[in-house]
Every structure is written in structure tokens, then in C-alpha cells.
J.: 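Quick one: this structure, given as C-alpha cells, is what I'll be asking you about.
Positions are given from 1, in the same order as the sequence printed here.
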Amino acid sequence: MTLMNTRTTPKGRVLISGASIAGPTLAYWLNRYGYAVTVVEKASAVRSGGYPIDVRGTALEVVKRMGILPRLRDAHIDLRRLTFLDANGSEVASVHPHAVTGGVEGRDLEVRRGDLTDALYTAVRDDVEFLFDDSIETLDQSGGGVDVAFRGGGRRTFDMVFAADGMHSHTRALVFGPEEQFHRYLGYCFAVFPMRNTLGLSHETVMWNTPGRAAALYAVGEDEEVHAFLNFVQPEPPLEAFANPEAQRDLVAAVFANAGWEVPGMLAAMHEAEDVFFDGVSQIRMPRWSSGRVALAGDAAYAPSFLTGQGSSLALVGAYMLAGSLAGQDYSAGLAAYEAGTREFVAVNQGLVSEGGAALFPVTAQALEQRNDRLRKLSAMPPTEPRPAHSALTLPEFTPEARAGAGSAAQD
């Protein structure tokens, strides 16, 4: 279903901060519902490449309705094996990835993040305005709209503003206050970076574990490079390191200083890599996702953490629900409908952490051995049914004239 925008006069002028996943998805649907859309992105272009991400369950219907599912199918990575190693580098178990993630063979998608962002951008770039290399500096809702001052010096007024600029959203901070009040730190930190594929890996992930530490090499194909991943327990968030790349590298190197397997080479590659992504493993949990004419979507509103594997899917579904909820009614009713129709889906997916989402990274020796025992018992074949949380919302069919309704709590 694609509802074409045939209006000559826009229903309203809206600004979206962020051009990753939630932002372009929201722009696509708001444009179809008759809004004049501007997207502002602090980067100079849509980011390409990046680590692999999953699109599962309800989110598959979103990309299908956007017409980009065939392109994403062509970009599917098809990871075939997930091998776990012990402290000495010996194999513990080798399983099909879906046996761990709860995915479904032949249905769910795993693509490079850049393949998804490129597809979303291509679907909407001709219909909306993009302002790259800029960002929101200040917001003022004291008038009848939202007065926005941009970092680049421009000033404009919009009917609504949407923050889709990630877990550490600056736009959210301007309206809702400091991140700390919504940030739920889960006790881990991680670093991701590219390195040479010295082991000749292909369509597979190899993960080494000791209590509280994990190192993985992720090969999306037969490429010369792999994605290196280092994850470790850190009881308190290392606040001093978050804004200091050199401190991040030093912290990771100290934690893994005596590690075996391929970790020494990974640390050397990390120090040489220009593109190292470091962060704490966290969720964003908020009592409400809107204030006046400003609303949040994606990680800015409800980051679930990579432990759930549902960040991209929540961004896609949430953006669809936000845009559709605004179709055919005023912004206050629409934003209320967005929360009513989406919050349960967000809650069950964020809850995947407490249901074992962190089980791949045991903290104690006993927990690690229990995990390894479970892995040894797993069949190498993927499960036949997905995790219920992945499809815990049936997408409504929105039209500009329809009142937005809540999605069903069960998949048809």
C-alpha cells in the first residue's frame, strides 16, 4: 500500500531531525499524508556502509508498504553460522544465527546499515527537502508553531518538529531536558570497528568469551574486511570516555589486555582504525514521547539497545505509526494516538533484554558455563517461529481521512 500525495496545498510544514532510519521513514509517510517535509542531518550525506542490522516481524511490513522490500532482499547478507569459542579459542558450539536471535529463515532480513539507509533515502529524496551538514540549534514553541534556529545560521518556523536523531538526541534534550533522566544503562560498553579478514571468514560470526568479556569477528560476505566487536562489563558508565576517542581506546585496551585468541590483533586494529564506534549499552525509556508540537521517534524515544536486535525494526515501525497517527486529525490527537498505538510494542521489545537478551555476554564463570551448555543443546537449524515480540503489532492501514487507531496486540 502506497498512498500518493495528491494535495497541492500541504497540511502543514514539518521538520525532522535525523536522516538515518526513523527520520527518512517518517518523512516518507508524512509526505504521503500531505505534509511538506524538511529533514535536517548533521552529517554531510546519508551514511553508507556500517555494521549489519536486522529487520524483522512487523517492520518487514513497513518496508514492504514503502516498496523497498525487493531492494533489501537483494542486499540480504544471509549469515549462515555463529560459532562460539572458549577462553582458549576452542569451539564450544556452532549454530545457525536464527537459533539464537529468534529470527526466521527466508523471512527476516539482515543487511548492512548503509543498504537500509540508502534505500530509505532513495525512496524519499525527490519528495522532501534535505538539509545536510546542519542541525537544530534552538527550538521555541511560544508562538503558534515551532521557531527553529539552525546551527548554520538559518531560522524557520514549522508546524511540528520530530526528533529522530538517535539515542543521544540533541533535539530531545532541548525540549525534554538532560538525557540522564531517560537513560537506562545496562552495565556494558562496546566498540565496533573494521579490520582485515585475516581468518578468511565468510557469512559468519565467531565469538570468543570469558566472564564479562566478548570479542567477535563478523564477516558479512567474503570481503577483505570484517566487523570487529569488543563488548565488556562496566558497572558504571565511563562518562569521561564518551566524548574522548583516545580514552575509549585506552579503556578497551586495558580491559582486554591479557585476552587470548585473536584479541591482540583486534586491539592493534582498533588503534589504527579511523572509524571506531564506542558507546554504553543502554536503553531510552520515557514517560511520554511528545511535548506540544515536538515528538520523538526511533532511538531518540525508545532505544532498545543492540542486546534486543530490534533497534532498526522499532525505528521503522514507530515512524510509520507516528506519521499515520497524524493522518486525518490534529496534532494533539495524533500524538496521543501514536503513543496509544505504539507503546506496548516498544515495551515488549525493550523487555527482550530481561528475557535473556544479555545471555550472550555472561558476567560470571558459572553463567558462562550455563550459556555454553544451552548452546551445545541447540540444533543447528533455525527455529520455525519468530519471537512473539518481533510481530507484536499488526500495522493499521492509515488514510488521511481515517482516525488513527491502535494496532492489534497480535499478528494476523
Side-chain angles (χ1 to χ4, degrees), residues 14-33 35 37 39 53-66 68 113 116-117 120 123-124 160-169 171-172 175-176 182 184 282-291 294-306 308-327 331 334-352 389-398 404-409 411:
V14 300
L15 175 67
I16 300 169
S17 176
S20 181
I21 296 174
T25 306
L26 182 59
Y28 178 94
W29 290 108
L30 286 174
N31 173 258
R32 265 60 186 172
Y33 298 135
Y35 291 89
V37 183
V39 180
I53 55 91
D54 298 294
V55 181
R56 305 188 185 105
T58 305
L60 288 169
E61 182 64 20
V62 176
V63 297
K64 178 181 178 182
R65 294 184 186 185
M66 295 179 72
I68 62 174
R113 185 179 183 87
L116 176 58
T117 56
L120 293 169
V124 75
M160 286 179 285
V161 172
F162 303 100
D165 46 352
M167 186 170 71
H168 305 300
S169 169
T171 311
R172 182 189 61 222
V175 178
F176 293 88
F182 312 118
R184 181 189 177 195
S282 308
Q283 293 184 336
I284 295 295
R285 297 202 175 198
M286 304 186 68
R288 69 186 193 281
W289 300 329
S290 65
S291 177
V294 178
L296 314 177
D299 281 355
Y302 31 75
S305 87
F306 77 81
T308 69
Q310 282 292 91
S312 299
S313 292
L314 281 186
L316 289 162
V317 173
Y320 175 91
M321 293 295 292
L322 174 53
S325 297
L326 290 165
Y331 75 89
L335 295 178
Y338 164 51
E339 297 232 10
T342 315
R343 189 168 283 278
E344 182 179 354
F345 181 67
V346 166
V348 297
N349 280 280
Q350 288 190 324
L352 290 172
H390 298 168
S391 300
L393 175 71
T394 299
L395 287 186
E397 291 273 359
F398 293 114
S408 166
Q411 183 74 8

J.: Testing the basics here: between Thr308 and Arg56, what is the closest heavy-atom pair and its distance to 0.1 Å?
T.: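 Taking every non-hydrogen atom into account, O-NH1, 4.0 Å.
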
J.: Measure the CG-OH distance between Leu296 and Tyr338 for me, rounded to the nearest 0.5 Å.
T.: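 These two atoms lie 7.0 Å from each other.
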
J.: For a side chain to side chain contact (heavy atoms under 4.5 Å, CB included) with Tyr320, tell me which candidate from Thr58, Thr342, Leu395 qualifies.
T.: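 So the option named by the test is Leu395.
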
J.: Sub-3.5 Å donor-acceptor pair from the side chain of Arg172 to the main-chain atoms of Asp165, do we have one?
T.: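 No, the answer is negative, given that no donor and acceptor are paired below the 3.5 Å cut-off.
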
J.: Tell me the closest heavy-atom pair linking Ala300 and Ala163, and the distance in Å.
T.: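 Ala300 and Ala163 have their closest heavy atoms at CB-O, 3.8 Å.
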
J.: Where the side chain of Glu339 meets the backbone of Trp289, is there a donor-acceptor pair that is under 3.5 Å apart?
T.: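 The answer is yes, because a donor-acceptor pair under 3.5 Å joins these two groups.
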
J.: Would you name the heavy atoms of Arg343 and Pro287 that are closest together and state the gap between them?
T.: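 Shortest heavy-atom contact: NH2-O, 3.4 Å.
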
J.: Can Arg113 and Ser20 be counted as having a side-chain donor-acceptor contact under 3.5 angstrom?
T.: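 Ser20 and Arg113 do have a side-chain donor-acceptor pair below 3.5 Å.
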
J.: Within a strict 4.5 Å, meaning less than it, do heavy atoms of the Leu352 and His390 side chains meet?
T.: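 Yes, close enough: below the 4.5 Å cut-off.
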
J.: Side chain to side chain contact (heavy atoms under 4.5 Å, CB included), that's the test. Do Leu322 and Leu335 meet it? Break it down for me.
T.: CA-CA 7 Å; Leu322 174 53; Leu335 295 178; 3.7 Å; yes

J.: How many angstroms lie between atom NE2 of His168 and atom OG of Ser282, to the nearest 0.5 angstrom?
T.: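 The distance works out to 7.0 Å.
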
J.: Could you check whether any side-chain N or O of Gln283 sits under 3.5 Å from a backbone N or O of Ala303, counting only pairs where one atom can act as donor and the other as acceptor?
T.: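 No; judged by distance alone, with no hydrogens or angles, the pair does not exist.
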
J.: Nearest 0.5 Å please: distance from the CG atom of Asn349 over to the OG atom of Ser313.
T.: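 Spacing of CG (Asn349) from OG (Ser313) equals 8.0 Å.
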
J.: Can you find a pair of side-chain heavy atoms, one from Phe162 and one from Leu30, that are under 4.5 Å apart?
T.: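 Yes. Closest side-chain heavy atoms under 4.5 Å.
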
J.: Please report the interatomic distance CG(Leu316) to CZ(Arg65), rounded to the nearest 0.5 Å.
T.: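 If we round to the nearest 0.5 Å, Leu316:CG and Arg65:CZ are 13.0 Å apart.
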
J.: Measure the spacing between CG of Leu26 and CH2 of Trp29 and express it to the nearest 0.5 Å.
T.: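 The distance works out to 11.5 Å.
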
J.: Heavy atoms only: give me the nearest Gly18-Val39 pair and the separation to one decimal.
T.: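 Heavy-atom minimum between the residues: O-CG1, 3.5 Å.
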
J.: Does a side-chain heavy-atom distance below 4.5 Å link Leu120 with Met66?
T.: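 Yes, their side chains come closer than 4.5 Å.
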
J.: Decide side chain to side chain contact (heavy atoms under 4.5 Å, CB included) for Leu326 and Tyr33; before the verdict, give the C-alpha distance in whole Å, the side-chain angles of both, and the deciding distance to 0.1 Å.
T.: CA-CA 8 Å; Leu326 290 165; Tyr33 298 135; over 6 Å; no

J.: Got a second to check how far Gln350's CD is from Phe345's CZ, nearest 0.5 Å?
T.: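 Between atom CD of Gln350 and atom CZ of Phe345 there are 11.0 Å.
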
